[in-house]
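All remarks here apply to the structure that follows.
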Amino acid sequence: MDFLQNHIEALIFCAPSPITEEEIRQCMTEMFDADIELRVIEETLQRIIEKYEADIYPFGVYKSGGGYQFLTKPAYQASISILLKQQSKKRLSKSALETLAIIAYRQPVTKGEIEQIRGVNCDYAIQKLLEKELIVIKGKADTVGRPLLYGTSDKFMDYFGINSLKDLPQPKDLKAEEGEGLEIGKEQDD
């Protein structure tokens, strides 16, 4: 079924965000006007992943953000970091990252709760995160004034290369050293 593999590769390549097995199955079912089992899609995806593990490819197919996408291999991190440094104006600011971290760990959370934790107004950071589609409005709280509730989006998962919120570092894995930032992988002293 090389033709199926080629079609699936094309879908992964063209998808603007990670594409799920079910989305692939639906496209292939419509394309070939035949019901294609999810098992066949999964087996074909595994063959594609194995194909791109070869050293001749600087990229591979990886599962990220709940779906599959082409990503460059870690061996090319240096050249990619140069490109990213050149595009650094597109990075998230420190305040946006702080706000995003609060939302990721506390979701669903209101703007008031975020501001209480950060101690400053978060209007601008929340607006920028909404524009970048890293957060979404999850609804309204059942408190006075019915403030909006914020949570992370699927694009958040893709942006940080994780499949679920369980992949986020746990607070016990983070330790703040005096005068330094957080370190990952060390137990917190009590």
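Hydrogens, waters and symmetry mates are skipped; everything else that's a heavy atom, side chains included, is used.
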Are any of the side-chain heavy atoms of Q107 and L165 separated by less than 4.5 Å? yes

Decide, yes or no, whether a salt bridge links R106 with E113 under the criterion of side-chain N to carboxylate O below 4.0 Å. no

Hey, what's the ring geometry for F3 with H7, parallel, tilted or perpendicular (30° and 60° as the breaks)? perpendicular

Are V120 and I126 in one and the same hydrophobic cluster, where Ile, Leu, Val, Met, Phe, Trp and Tyr link if side-chain heavy atoms are under 4.5 Å apart? no

Transitively linked via ILVMFWY side-chain contacts under 4.5 Å: I102 with I135? yes

Please answer whether the main-chain N or O of C122 pairs with a side-chain N or O of E115 as donor and acceptor at a distance below 3.5 Å. yes

So, applying side chain to side chain contact (heavy atoms under 4.5 Å, CB included) with T99, which one of L92, I114, V109 is it? I114

Looking only at non-hydrogen atoms, find the nearest pair between S64 and D158 and report the distance. OG-OD1, 3.8 Å

Work out which heavy atom in S95 is nearest to a heavy atom in A125; give both atom names and the distance. O-CB, 4.1 Å

Output for pair (M157 CE, N163 CG), nearest 0.5 Å, gives 8.5 Å

With side chains defined as the heavy atoms from C-beta onward, is the minimum distance between I24 and L45 less than 4.5 Å? yes

With side chains defined as the heavy atoms from C-beta onward, is the minimum distance between Y159 and T152 less than 4.5 Å? no

Between V61 and I49, the two heavy atoms sitting closest are O-CG1, 3.7 Å

If you link I, L, V, M, F, W and Y whenever their side-chain heavy atoms are under 4.5 Å apart, who else ends up in the same group as L71? Y62

Do Y52 and E9 pair up side chain to side chain, a donor and an acceptor below 3.5 Å, judged on atom types alone? yes

So CD1 of I48 and CD of E50: to nearest 0.5 Å the spacing works out to 10.5 Å

Neighbour count >12 (heavy atoms, 6.0 Å) for atom CZ, F59: yes

Heavy-atom neighbours of F32 CZ exceed 12 at 6.0 Å: yes

Please give me the minimum heavy-atom distance between L100 and L129, naming the atom from each residue. N-CD1, 3.8 Å

Are Y105 and L149 linked, directly or through intermediate hydrophobic residues, by side-chain heavy-atom contacts shorter than 4.5 Å (ILVMFWY only)? no

Stepwise salt bridge (Lys or Arg N to Asp or Glu O under 4.0 Å) test for K128 and E131: CA-CA 5 Å; K128 285 297 172 192; E131 286 174 11; 3.2 Å; yes

Is a side-chain N or O of S153 found less than 3.5 angstrom from the main chain of L134, in a donor-acceptor match? yes

Heavy atoms only: give me the nearest A104-L168 pair and the separation to one decimal. CB-CD1, 3.9 Å

Using 0.5 Å steps for rounding, measure from the CG atom of D142 to the NZ atom of K140. 11.5 Å

Looking at every heavy atom in both E53 and K73, which two are closest together, and how far apart are they? O-NZ, 3.4 Å

Enclosure of D55 CG (heavy-atom neighbours >12, cutoff 6.0 Å): no

So how far is it from Q77 CD to I82 CD1, rounded to the nearest 0.5 Å? 11.0 Å

Looking at residues at least two apart in the chain, or sitting in another chain, which of them share a side chain to side chain donor-acceptor pair (under 3.5 Å) with E133? none

Starting from L148, can I reach Y124 by hopping between I/L/V/M/F/W/Y residues whose side chains sit under 4.5 Å apart? no

Would you please say whether a donor-acceptor pair under 3.5 Å links the side chains of Q26 and E22? yes

In Å, rounded to the nearest 0.5 Å, how long is the span from CZ of F70 to CD1 of I12? 5.5 Å

Between R39, R47, Q46, which is the residue that forms a side-chain hydrogen bond (donor to acceptor under 3.5 Å, both in side chains) with E43? R39

Please test V136 against Y150 for side chain to side chain contact (heavy atoms under 4.5 Å, CB included), starting from the C-alpha separation and ending with a verdict. CA-CA 6 Å; V136 293; Y150 298 98; over 6 Å; no

Say you draw a straight line from OG of S17 to NZ of K155; how long is it, rounded to the nearest 0.5 Å? 9.0 Å

Run the salt bridge (Lys or Arg N to Asp or Glu O under 4.0 Å) check on R25 and E21 step by step: do they pass? CA-CA 6 Å; R25 191 190 70 74; E21 290 107 336; over 6 Å; no

